[in-house]
Amino acid sequence: MQYRSTRGESPAVSFSGALLAGLAPDGGLYVPAEWPRLTPADFSACATLAEVARTLIAPFAAGDALEDAIGDITADACNIPVPLVPVPGAGYSVLELFHGPTAAFKDFGARFLAASLARLRPPGARPLEILVATSGDTGGAVAAAFHRRPGIRVAVLYPKGLVSPAQEQQLTCWGGNVQSFSVRGSFDDCQRLVKAAFVDPDLRERFDLSSANSINLGRLLPQAAYHAATALAVWRETGRAPSFVIPSGNLGNALACLWARHVGLPIGAIVLAHNANRAVPDHLSGKPWQPRRSIATLASAMDVGDPSNMERLQALYPAFPALQAAVTAEVVDDGAIRRRIAADHAAYGSIWCPHTATAAEVMARMPAARKAQGPWVIVATAHPAKFREIVEPLIGRAVPVPESLARLHELPSASQPLEPRLEALRAAL
Ligand SMILES: *Cc1c(COP(=O)(O)O)cnc(C)c1O
């Protein structure tokens, strides 16, 4: 299986080539040159998420150096429960993707990528240095996933004072092969430093550099697996293909679900729930594609004005009418997020994180006739305990903290202050 760039100006690469490169040299994103075709019957022997992931991902790695390791990699990355929890009275179920080490869905992709890259290191190679600029969630998931992987080091750069206390703890509690830098500057300064490091001759001579960023193919495929496993479970139980509502920002999770449906999984409608960053909903409603500057909202992990995965979406559906038929999107502003968190806690006892609340709001607005076409699944992208400052005043009680998060919060934390200059980063690595 070969991968081509969405911009068509770079040569096709292998599966592991795409994982190692992240972004294609022409600035595009890697997509499969041809699509595997699967049917529910291909998964009849799969009982666990890891087994579904193996069956789904193996054809994507056909002929690759990692082909024989896909079973071990998926077992490693997908060893996280993904319960589908009905919300009695609400008319839908919740796919909880927050039972991993950092309590958000990004754990799956980060762990798959870590398990893959660890296996691609030649014996005796120089250390692989993963550089991540983070505004919050990604850095923690990547640090957790790469922690203690031999031959790999991680440097996490975050803007000092601009991440929540819980997020900072998840960025700084690892030690060992994970270095955390609190950068005196903004998220954009962190990202600029990482980009400068990639083209710096001194650093390139000392390390193999990689980015583990969210557009890496290795982060999408395991996300396709949990949509597939959920769809198969519902299909087996009810004979119907579930429809999904997905809180979306950079469109990684959404693309993963679309890819799962595209290769043949029984998935009905796919609805994207966006916060006030409305570039995608505006486009799908018929306006020309127009990236925006991002605006800050309560669902901060979805504050993306120019989603990079839009290129993959357009590659999958080059004709606009096909795109509009494939997926729809809605805007949920901060006021609606707040009201939905309070209302659903009162009505069902559910506690949503601000991201998940956008999907719950889409369900609450849905006309009954459309709802009846379900079964509907909303995707819970993070545990509400990660966003206690927002959620607790709205529901008037404490959010129970899951054990895995509580454990992280007890670890000692350490970070190095860093000036936002390349010389400073060079000296610190
Ligand atoms: C990253 C993230 C999102 C957005 O996901 P995309 O794949 O970027 O669309 C939504 N919710 C949470 C909690 C996240 O961390």
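Each ligand, and each atom within it, is numbered from 1 in the order the structure gives.
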Looking only at protein heavy atoms, which one is nearest to [atom], and what is the separation?
| atom | result |
| --- | --- |
| atom 2 (C) of ligand 1 | Lys106 NZ, 2.4 Å |
| atom 10 (C) of ligand 1 | Met302 CG, 3.5 Å |
| atom 12 (C) of ligand 1 | Thr381 OG1, 3.4 Å |
| atom 5 (O) of ligand 1 | Phe105 CZ, 3.3 Å |

### Message
Using the rule given for side chain to side chain contact (heavy atoms under 4.5 Å, CB included), can you reason through Ser294 versus Val304, listing the C-alpha separation, both sets of side-chain angles and the distance that settles it, and then say yes or no?
### Response
CA-CA 5 Å; Ser294 65; Val304 183; 5.7 Å; no

Relative to the heavy atoms of [X], which atoms of ligand 1 are at a distance of less than 4.0 Å?
| X | result |
| --- | --- |
| Ala382 | 13 (C) |
| Gly252 | 6 (P), 7 (O), 9 (O) |
| Ala301 | 1 (C), 2 (C), 3 (C), 4 (C), 12 (C), 14 (C), 15 (O) |

Indicate yes or no: does an N/O atom of [X] lie under 3.5 Å from an N/O atom of ligand 1?
| X | answer |
| --- | --- |
| Ser248 | no |
| Cys353 | no |
| His355 | no |
| Phe387 | no |

### Task
With heavy atoms under 4.0 Å as the rule, classify the contact between Asn250 and ligand 1 as side chain, backbone, both or neither.
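The answer is both.
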
### Task
Measure Gln223 to ligand 1 on non-hydrogen atoms and call it side chain, backbone, both or neither using the 4.0 Å cut-off.
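For Gln223, there is no contact with ligand 1 at all, from either part.
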
### Message
Parallel, tilted or perpendicular, judged at 30° and 60°: which one describes the rings of Phe15 and Phe112?
### Response
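Judged by the thresholds at 30° and 60°, the geometry between Phe15 and Phe112 is perpendicular.
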
### Task
Classify the ring geometry between Phe320 and His283 as parallel (under 30°), tilted (30 to 60°) or perpendicular (over 60°).
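Taking His283 first and then Phe320, their aromatic rings sit tilted (interplane angle of 30° to 60°).
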
### Task
For residues Gln179 and Val156, determine if any side-chain heavy atom of one lies less than 4.5 Å from a side-chain heavy atom of the other.
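Of all side-chain heavy-atom pairs linking Val156 with Gln179, none is under 4.5 Å.
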
### Query
So, do Ser182 and Tyr158 sit near enough that their side-chain heavy atoms are less than 4.5 Å apart?
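A side-chain contact under 4.5 Å exists here.
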
### Query
Do Asn275 side-chain atoms and Thr297 backbone N/O form a donor-acceptor pair below 3.5 Å?
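No, Asn275 side chain to Thr297 backbone: no donor-acceptor pair under 3.5 Å.
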
### Message
Has Asp107 got a side-chain atom pairing as donor or acceptor with Thr102's backbone, closer than 3.5 angstrom?
### Response
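At least one qualifying donor-acceptor pair exists.
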
### Message
Looking at Arg7 and Glu311, is any side-chain nitrogen of the basic one under 4.0 Å from a carboxylate oxygen of the acidic one?
### Response
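Judged by the 4.0 Å cut-off on N to carboxylate O distance, Glu311 and Arg7 do form a salt bridge.
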
### Task
Measure the distances from the heavy atoms of Phe98 to every atom of ligand 1 and state whether one is below 4.0 angstrom.
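No.
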
### Task
May I ask whether Ala254 places a heavy atom under 4.0 Å from ligand 1?
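No, that is not the case, since the closest heavy atom of the residue is not under 4.0 Å from the ligand.
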
### Message
Among Leu95, Asn253, Ile80, Val379, exactly one meets side-chain contact (heavy atoms from CB on, under 4.5 Å) together with Phe105. Which residue is that?
### Response
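Testing Phe105 for a side-chain contact (heavy atoms from CB on, under 4.5 Å) against Leu95, Asn253, Ile80, Val379 leaves exactly one candidate, Asn253.
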
### Task
From atom 9 (O) of ligand 1, work out which of Pro247, Gly249, Pro307, Ala380 has a heavy atom at the shortest distance.
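Nearest option to atom 9 (O) of ligand 1, by heavy atoms: Gly249.
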
### Query
Which distance, rounded to the nearest 0.5 Å, do you find between the CE of Met366 and the CD of Glu330?
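So the CE of Met366 and the CD of Glu330 are separated by 7.0 Å.
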
